Amino acid sequence: MKEKTFALLSGYMKKCMGDAAHDAEHVRRVLYLALEIAETEPSADGDVLIAACLLHDIGRAEQFANPALCHAQVGAEKAYRFLTANGFPEPFCAHVGDCIRTHRYRSDDPPASIEAKILYDADKLDVTGAVGMARTFFYAAHVGQPLYTLLPDGSVSDGRAAEPEGVHSVLREYKVKLEGIYGRFLTPKGREMAQARKAAAASIYENILDEVRAPYAAGGAVLRRWVEKT
């Protein structure tokens, strides 16, 4: 993908997210995870995958306003309109829309395309991962508050003086999810990453914070391999 295209999509994602900082962080982690998985899937269309990852949660604002809406469906429609309005080819727009529409699927059949399957992997690995579970548990009532703050010495603060009560039960719930329904349709790379996250779930809270650091530490290098300067 060209750098100017990436900037266009990234800008639209940030506009749709508004001040929901934790959602923007989730989008970035999903992007990094997906590109890492895609490197083992040579048939994947990188441009479709990047666009779908960046735009997959842009319908969340509407869902917050109206919980009856499906944010994946709303996001797919918004992404399709945005892409067509900016001159992207129809097949590309439709493919990205389908990926977004199916990344939260609830059937017993996995998404049809490899790009949608990778997006599903990456989204589930983050949302049901230690970071996602902790974020949901601690900040559900504070939309827009980041999970963590990077301190000058490189350490991470979660905004609280002491470890919050109940964190271990959250980790157990997450571990069960990765061992159960969310493991059904993972790609080989996604399954490998899920195994690593299951191990982290059995460890202490500091390992949750390590999962925050890791995608950002490696993500820049992964992204540079997929985004070309113009």
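Please read all numbers here as calculations on a predicted model, not as lab measurements.
- The distance from atom CZ of Arg29 to atom SG of Cys53, rounded to the nearest 0.5 Å, is 13.5 Å.
- Listed by first and then second residue, the salt bridge (charged side-chain N to carboxylate O under 4.0 Å, His left out) pairs that reach into residues 219-230 are Lys2-Glu228, Glu3-Lys229, Glu39-Arg225, sequence neighbours excluded.
- Residues forming a side chain to side chain donor-acceptor pair (under 3.5 Å) with Gln73 (at least two apart in sequence, or on another chain): Glu77, Arg101.
- In this structure, CZ on Phe6 lies 7.0 Å from CD1 on Ile50, to the nearest 0.5 angstrom.
- Only one option out of Leu35, Leu54, Asp123, Ile118 pairs with Val30 in a side-chain contact (heavy atoms from CB on, under 4.5 Å); it is Asp123.
- Between Glu41 and Lys189 no salt bridge is recorded (no basic side-chain N to carboxylate O distance below 4.0 Å).
- With respect to Ile37, the side-chain contact (heavy atoms from CB on, under 4.5 Å) criterion is satisfied by exactly one of Leu125, Leu119, Ile114: Leu125.
- In this structure, CG on Asp121 lies 11.5 Å from CD on Glu36, to the nearest 0.5 angstrom.
- With sequence neighbours left out, Ser10 forms a side chain to side chain donor-acceptor pair (under 3.5 Å) with Arg28.
- The shortest non-hydrogen separation linking Gly75 to Ile58 is O-CD1, 3.7 Å.
- Formation of a donor-acceptor pair under 3.5 Å by the Thr102 side chain with backbone atoms of Asp98 is found in this model.
- Scanning all heavy atoms of the two residues, the minimum distance from Cys99 to Glu115 falls at SG-CB, 3.8 Å.
- The NZ atom of Lys14 sits 12.0 Å away from atom CG of Leu9, with the distance rounded to the nearest 0.5 Å.
- By the side-chain contact (heavy atoms from CB on, under 4.5 Å) test, Val74 is found to be paired with Glu62, Leu69, Lys78, residues two or more places apart in sequence or in another chain being considered.
- The closest side-chain heavy-atom distance from Thr187 to Tyr120 is not below 4.5 Å.
- Pairs passing the side chain to side chain donor-acceptor pair (under 3.5 Å) check and including a residue from residues 42-52, sequence neighbours excluded, do not occur.
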Pairs under 3.5 angstrom only: tabulate donor-acceptor contacts from the side chains of residues 79-92 to other protein residues two or more places apart or in another chain.
| residue | atom | partner | partner atom | Å |
| --- | --- | --- | --- | --- |
| Tyr80 | OH | Glu90 | OE1 | 2.4 |
| Tyr80 | OH | Glu90 | OE2 | 3.2 |
| Thr84 | OG1 | Tyr80 | O | 2.9 |
| Thr84 | OG1 | Arg81 | O | 3.0 |
| Asn86 | ND2 | Phe82 | O | 2.8 |

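- Scanning both residues, Ala116 and Ser113, for their nearest heavy atoms gives N-OG, 3.1 Å.
- Contact detail for Leu33 and Met193: the closest heavy-atom pair is CD2-CE, 3.1 Å.
- Atoms NZ and CG, on Lys117 and Leu49 in that order, are 13.0 Å from each other to the nearest 0.5 Å.
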Discussion item. One pair to check against side-chain hydrogen bond (donor to acceptor under 3.5 Å, both in side chains): His26 and His56. What are the steps and the verdict?
Written reply: CA-CA 11 Å; His26 161 66; His56 78 280; 3.3 Å; yes

